[in-house]
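The structure appears below as structure tokens.
Note: hydrogens, waters and symmetry copies are ignored here, and every other heavy atom, side chains too, is used. Convention: sequence-line order gives letters A, B, ...; per-chain numbering from 1.
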2 protein chains.
Amino acid sequence: MTISLRQLRALTAAVETGSFGRAAARLHLSQPALTVQIRSLEQRLGLTLFDRSARGARPTEAGRNLAQSFGRVLEEVDQLVAGAREQAARRSGTVHLAVLPSVASTLLPAALTRLRQAHPAIRVLLRDAVARHVADQVKAGEVELGIGILQGADAELEAESLFEDKLVAVLPPGHRFGALRRLSPEALAREPLILTDPGSSVRALAERAFAEAGLVLRPAYEATYMSTAVALVRAGLGIGVLPATALDLRLTPLLDTKPIDAAAMRRRILLLRRRGASLSPAAEALAEAIHVAVGGGAHIR
Amino acid sequence: MTISLRQLRALTAAVETGSFGRAAARLHLSQPALTVQIRSLEQRLGLTLFDRSARGARPTEAGRNLAQSFGRVLEEVDQLVAGAREQAARRSGTVHLAVLPSVASTLLPAALTRLRQAHPAIRVLLRDAVARHVADQVKAGEVELGIGILQGADAELEAESLFEDKLVAVLPPGHRFGALRRLSPEALAREPLILTDPGSSVRALAERAFAEAGLVLRPAYEATYMSTAVALVRAGLGIGVLPATALDLRLTPLLDTKPIDAAAMRRRILLLRRRGASLSPAAEALAEAIHVAVGGGAHIR
DNA sequence: AGATGGTCATAACCGGACCCTATGACTGCC
DNA sequence: GGCAGTCATAGGGTCCGGTTATGACCATCT
């Protein structure tokens with residue numbers, strides 16, 4: 001005893017075309033099928049919607065009114081469905097993405113331009129956050145995707161490896177270490193060092209690596225922002241210990257970077273998603289673009 | 001490949017209850033039926049709407065959004081359907097009615113109070129008009145029902161007899177005809193007469209009746225409104241020839257009315273509707289009320 | 001008048017959508 | 001390690017909805 005969309009379509013088509021036959025044609029139906037739908041609708045509403053005669057069907061006042069109202073409803077439905085299909089076809093949609101600041105300034109632009117080329121109408125809402133917050137936002141469902149790191153497995157998260165980020169020593173111009181090919185933690189420990197804040201994942205990583213070498217990390221300078229740390233290095237205040245990804249490519253040529261001789265000085269940058277949560281088509285497109293950007297040429301050095 | 005209302009209901013119920021099982025219960029369905037509907041909707045949209053796991057189904061972002069939008073649409077549909085059913089049940093609705101002024105002031109109030117008792121929420125939009133316009137408005141579909149007269153059959157109209165309206169002579173108080181039981185046209189023709197305008201059906205009727213008696217109607221006074229004519233009679237200016245229905249019951253006791261001795265001095269008041277046009281439930285209710293008002297006691301004298 | 005063309009309604013048949021019951025697979029919990 | 005809860009799957013029956021063919025009716029033209 002309930003109404004169906006087909007019946008609403010039949011009604012509006014019949015009122016608009018003024019004839020059951022033409023309405024049937026418009027809906028790609030046979031005329032009897034249309035007739036039956038209309039009659040069924042009339043029964044379910046208890047209203048006569050058309051006055052039939054041998055020379056056609058005239059809509060009743062009620063029929064006209066309902067056709068108009070239902071017409072608006074149908075338009076709305078069709079619009080919603082079309083919107084959903086656009087999302088499915090990646091022709092629209094938005095992704096929420098949390099990302100480490102270091103990655104945001106290096107890998108991400110390449111990925112986003114690639115995404116824009118393939119799917120111009122997909123919107124990306126960026127949130128840069130430190131590693132812990134990236135993971136938390138993914139777990140809470142505030143973002144669909146995260147780019148960050150993971151210490152130990154997390155049952156709620158699913159991770160795909162993107163690339164490996166190494167900590168490197170950043171030398172001020174003309175530093176006496178300039179001749180060396182690689183630096184040992186011991187050598188570094190005797191120099192004034194420039195690092196990021198204790199809260200950052202980079203800092204935690206560096207401390208752990210030094211600890212493995214039996215050393216205590218005692219930086220001469222700490223900065224919250226990577227760009228500040230780099231500025232301190234350029235000013236010749238010390239040697240920076242910073243992630244390779246974070247170094248802006250335009251600045252690096254002016255500075256000298258050296259690998260550090262410690263296995264623990266590296267971290268795996270991961271693409272994070274909540275376990276069991278499917279990705280929206282837009283998010284899948286973004287994930288693809290990120291993978292391509294990482295795998296194909298536009299990598300970090 | 002199109003969407004159905006059942007699927008929309010399934011979606012909104014599932015999102016709102018947060019569980020396929022509870023949604024199924026709300027819709028009086030089995031859980032598998034609900035599951036199938038959701039999956040079918042997902043296929044047709046090409047979107048994943050829920051993330052299933054063994055401990056429940058979580059709506060996707062897209063699922064939540066669509067559920068909300070479709071929820072609004074469903075409410076609208078349900079409201080429209082409810083409105084239609086109310087009309088069908090005569091619990092609402094409006095009728096357009098054209099009616100002769102004479103009838104409007106006598107029969108109609110009784111019919112309308114009766115209608116209001118039975119179906120309080122039905123609105124009646126009144127148009128009083130002279131006989132010709134009553135018929136025209138019915139034919140044009142501007143009104144659903146008309147109360148009027150018909151000279152000769154009209155193929156486009158369907159008529160039901162309501163009652164017979166007679167022209168009567170209305171005497172001023174103390175007139176010398178007061179002693180007679182009935183008046184002849186010949187007697188009347190010698191008196192100063194008061195009638196309505198030449199355009200009115202009452203006037204046409206009176207002229208025809210006099211013509212049948214071989215007389216020419218030459219009124220001493222003409223008025224457009226019945227009430228004016230009555231006032232002239234009360235002022236003692238002449239004898240009124242007016243329809244019995246039109247005489248306001250409160251005024252009649254003060255005046256003396258006599259039947260006129262001519263068969264042609266009567267007209268049949270009809271309930272008119274367009275041939276082949278069904279009546280709305282509200283109009284049917286009004287028609288019933290009119291018939292009852294005519295048939296039962298509240299008749300004209 | 002009779003034929004004709006147009007309208008909607010009806011009938012008979014057929015396929016698929018839909019629903020139900022029963023059961024399975026999986027997880028989280030006591 | 002059962003147990004309770006979730007959703008998915010399978011099988012079977014019903015009914016909705018569609019098609020074609022035909023009928024009834026009216027208007028119009030010849």
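For B:E164 and B:R268, the salt-bridge test passes: some basic side-chain N is under 4.0 Å from an acidic carboxylate O. For the pair A:R127 and A:E144, the salt-bridge criterion is not met [side-chain N within less than 4.0 Å of a carboxylate O]. Electrostatic pairing of A:R274 and B:D51 does not count as a salt bridge here, judged by no charged N lying under 4.0 Å from a carboxylate O.
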With a cut-off of 3.5 Å and sequence neighbours excluded, list every side-chain donor-acceptor pair involving residues 91-103 of chain A.
unit_1 : atom_1 : unit_2 : atom_2 : d
A:R91  : NH1    : A:E86  : OE2    : 3.1

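Counting 5' to 3', DNA chain C first comes under 4.0 angstrom of a heavy atom of chain B and last does so at the ends given by C:dC18 to C:dG28.
For residues 66-79 of chain B, every residue pair satisfying the salt bridge (Lys or Arg N to Asp or Glu O under 4.0 Å) rule, not counting sequence neighbours, is listed here: B:R9-B:D78.
Here the shortest heavy-atom pairing between A:G63 and A:L11 reads O-CD1, 4.2 Å.
Across the protein-nucleic acid pair, B:F20 atom CZ and D:dT9 atom P stand 11 Å apart, rounded to whole Å.
For B:L80, the side-chain contact (heavy atoms from CB on, under 4.5 Å) criterion is met by A:S69, A:F70, A:V73, not counting sequence neighbours. Take B:A285 and apply the side-chain contact (heavy atoms from CB on, under 4.5 Å) test, not counting sequence neighbours, and it matches B:R90, B:L115, B:H119, B:I122.
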> Which letter, B, S or -, goes with each nucleotide of nucleotides 16-30 of chain D from 5' to 3', with contact meaning a protein heavy atom under 4.0 Å?
Replying inline: -SSBBB---BSS---
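Contact annotation: B:R39 side-chain N/O to D:dC7 OP1/OP2 distance is not under 4.0 Å.
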